[in-house]
Amino acid sequence: MNNDTKMNNFITEIIENDIANNDNNYKISTRFPPEPNGFLHIGHAKSIFLNYGLAKQYNGKCNLRFDDTNPVKENIDYINSIISDVKWLLGDKNIGEILYASDYFEQMHCYALDLIKKGYAYVDDQTSEQIKKNRGDYNIIGTNSPFRERTIDENLKLFEDMRKGLYEDGEKVLRAKISMSSKNLNLRDPIMYRILKVNHHRTGNKWPIYPMYDWAHGLEDSIEGITHSICTLEFEDHRPIYDWFLEKLDIYHPQQIEFAKLDMTYTIFSKRNLLKLVEKQLVNGWDDPRMPTISGLRRRGYTPESIKNFIMSLGFAKSKTVSDLNHLEHFLRENLNLIAYRVMAVINPIKLIIENYPDDKVEYMEVENNPEDKTFGSRKIAFSKELYIEREDFSENPPKKFFRLAVGNEVRLRNGYYVVCNDFKKDSLGNITEVRCSYDPETKGGWSNDGRKVRGTIHWVSCKHSLNAEVRIYDKLFDKENPLKTLKDDDDFTFNISPSSINTIEDAKVESFLINAEINQKFQFLRKGYFVLDSDSTSKKLIFNQSVALRSSWNK
RNA sequence: UGGGGGAUCGUUCAAUGGUAGGACACAUGGUUUUGGUCCAUGGGAUCGGGGUUCGACUCCCUGUCCCCCAGCCA
């Protein structure tokens, strides 16, 4: 990864303070704690680069910890995808220890026993409806559960019976005894354990009870010796619980710090909704190149560097923000500009015939692979009488400042020759089928020393020497800046999917050099955009995804 | 009508009582064998009202707006 610029934000301020107020052995420790219930998206990348970045900046460590406390929604496939995504973003060696909350279930259970013994937790027999009702709301304080004053011995016995599997789902819960009249609803005797007789992807059938997030998270942090437990803003209301458990247990107490998560225009981030897109097959899986998932972005042609640079440019703060999609695309272009081979590809071809070029002649023109970096070297490309050019590079009635081909206009065929357009042909429907030109033999390579001014330069491929390719052009998945806004019910957002979010062109023509392209290799199709060879490609069929179009100051 | 947070160029992040600055976006010009890249220039903001101060984005008072919270999800 490229040079790391130092972060400077409200969190680094806290950390630097802590370092200053501790002894020389003090090392910070952070963690990235995903729940394995879906694929990672670019919002998670913000958390990843923050937590791992902080650890690196202050010489501490960062763990990847799976918060796998709800087996109903979690599975091993998600774990594997998350590990591979984090590795891709950070590099294999930089992901730290891989840990699982489920490894601490025994320890957590001991802590629960301890809390019961201290009189701070009780087993509640109320139904979930009763618990909900008795919790009250913003304006009405809660009422105590009739089971709140059970004796410690009774609670111990009941809780052990819960653990033994003597009760069915929903029959009992273990709750913390905090206060049913707290203004913070989270503190109204939060549930610590619920009965869930389901198989866990790591602990199997060992546990019929599973800890709730609020109970588990602080314990996980404490057990791992996390110094700074960074989470998103919606957990601010939960910090008092986090602190309460750790204080009552009297164990190592990390500090929770909240920051604003990433939000972006024209897309959605909630895993629930992303899952819906996948399940309804509105996209082609979690790694559909239109998805904001890490795997989707990877397939789209994004690089880890571009994502990191984007995230870092945003910074970290507490104010809720929505980032602009083209901010992300800027960093992709910036990175790809440096690393992508320039090649010629005609996405929407029409024939160009050079009338005065010998019928069977073929010349091999020298072409630079990347003008930004001479070490990329050069290659040869075949030039002949019949070429394909981009349909939009010819105009029957050229608008003002149209520098491309039109009858009487001279343009440069890049790395080829100067050509003047003589004529064109149309079919019965009025579509242009063929453009006819003459070339100037003195302009080989696309240059003449006579000072002639040629404003337009267009790309081309030789008909005989080009390859067919499928090209997938993507646009925003949704055509609304905020696809979830002003919806009446939860399902409606899928109606906002943009019909033009994918446009597949079956018969693009690309230069033969691309026969050796590798899956995931990045290219710039000259004058068009950045493209990546898709994993659907076979030796018989090349398939390219457009990662992002080139910027253009030419607006028709 | 409770509790918890947040308001700075169009967007995002700085400035921690001392010239409101950067990046993206936008506009204009230059370079260019990509209408790309690169370079230069420009417009553009402290939520409102009071107060403290030589001096306020920053401190105080007051008002307004936005976000989150009533899962046996995380």
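Chain naming here is simple, since letters A, B, ... match the order of the sequence lines and numbering starts at 1 in each. All of these numbers come straight from a predicted model, not from anything done at the bench.
Within the nucleic acid shown, A:Asp237 comes within 4.0 Å of at least one base atom, counting heavy atoms only. Contact annotation for A:Arg414: base contact, defined as any heavy-atom pair under 4.0 Å involving a base atom. Nucleic acid contact for A:Pro371: base, since at least one base atom lies under 4.0 Å from a heavy atom of the residue. Using a 4.0 Å heavy-atom cutoff across all strands shown, A:Arg404 reaches at least one base atom of the nucleic acid. Within the nucleic acid shown, A:Val72 has no heavy atom closer than 4.0 Å to any nucleic acid atom. Heavy atoms of A:Asn70 sit under 4.0 angstrom from primed sugar atoms or phosphate atoms, though from no base atom. Residue contacts for A:Glu258: at a heavy-atom cut-off of 4.0 Å it reaches no nucleic acid atom on any strand shown.
Rounded to a whole angstrom, the distance from the C1' atom of B:U32 to that of B:A40 is 15 Å. As rounded to the nearest Å, B:G35 and B:A45 have P atoms that lie 35 Å from one another. Comparing the P positions of B:U31 and B:C24 gives an interatomic distance of 23 Å, to the nearest angstrom. Between the C1' atoms of B:G44 and B:G10, the separation comes to 9 Å (whole Å). Comparing B:A15 with B:C47, their P atoms are spaced 15 Å from each other, to the whole Å.
Checking A:Phe10 against A:Arg342, the closest nucleotide of RNA chain B that is more toward the 5' end is the one next to A:Phe10. RNA chain B is contacted by both A:Thr457 and A:Ser319; A:Ser319 maps to the nucleotide lying nearer its 5′ end (nearest heavy atom per residue).
Taking the six-membered ring for Trp and thresholds of 30 and 60 degrees, A:His200 and A:Tyr210 have nearly parallel ring planes, at less than 30 degrees apart.
The distance between atom NZ of A:Lys453 and atom C1' of B:U32, rounded to the nearest whole Å, is 12 Å. Distance CG (A:Asn9) to P (B:A14): 7 Å, rounded to an integer number of Å.
Remark: the A:Glu236 side chain and the B:G6 base include no donor-acceptor N/O pair separated by less than 3.5 Å.
A cation-pi contact, defined as under 6.0 Å to the ring centre and within 45° of the axis, is absent between A:Arg452 and A:Tyr418. In this structure, A:Lys172 satisfies the cation-pi test against A:Tyr167, with its NZ or CZ atom closer than 6.0 Å to the six-membered ring centre and inside 45 degrees of the ring normal.
Note on A:His459: every side-chain N or O is 4.0 Å or more away from OP1 and OP2 of B:U34. Between B:C73 and A:Arg272, no contact under 4.0 Å exists linking OP1 or OP2 to a side-chain N or O. Remark: A:Arg194 is in phosphate contact with B:A74, judged by side-chain N or O atoms under 4.0 Å from OP1 or OP2. For B:G3, the OP1/OP2 oxygens have no side-chain nitrogen or oxygen of A:Arg188 closer than 4.0 Å. Side-chain N/O atoms of A:Thr69 include one lying less than 4.0 angstrom from OP1 or OP2 on B:A74. In this model, the phosphate group of B:G36 is approached by a side-chain N or O of A:Ser553 to a distance below 4.0 Å at OP1 or OP2. Not one side-chain nitrogen or oxygen of A:Thr127 sits closer than 4.0 Å to the OP1 or OP2 atom of B:C72. Distances shorter than 4.0 Å separate none of the side-chain N or O atoms of A:Arg333 from OP1 or OP2 on B:C38. Phosphate proximity of B:G71 to A:Lys132: present, with a side-chain N or O under 4.0 Å from OP1 or OP2. For B:U34, neither phosphate oxygen OP1 nor OP2 lies less than 4.0 angstrom from any side-chain nitrogen or oxygen of A:Arg412.
The OH atom of A:Tyr439 sits 5.0 Å away from the OH atom of A:Tyr417 when rounded to the nearest 0.5 Å. Within the model, atoms OH of A:Tyr122 and CG of A:Asn144 stand 7.0 Å from one another, a figure rounded to the nearest 0.5 Å.
Across all strands shown, B:A23 forms a Watson-Crick or G-U wobble pair with B:U11, both key distances being under 3.5 Å. When both distances must be under 3.5 Å, the Watson-Crick or G-U wobble mate of B:C59 is B:G51.
Among the nucleotides B:G2, B:G4, B:G36, the one closest to any side-chain atom of A:Asn139 is B:G2.
The closest side-chain heavy-atom distance from A:Pro211 to A:His109 is not below 4.5 Å.
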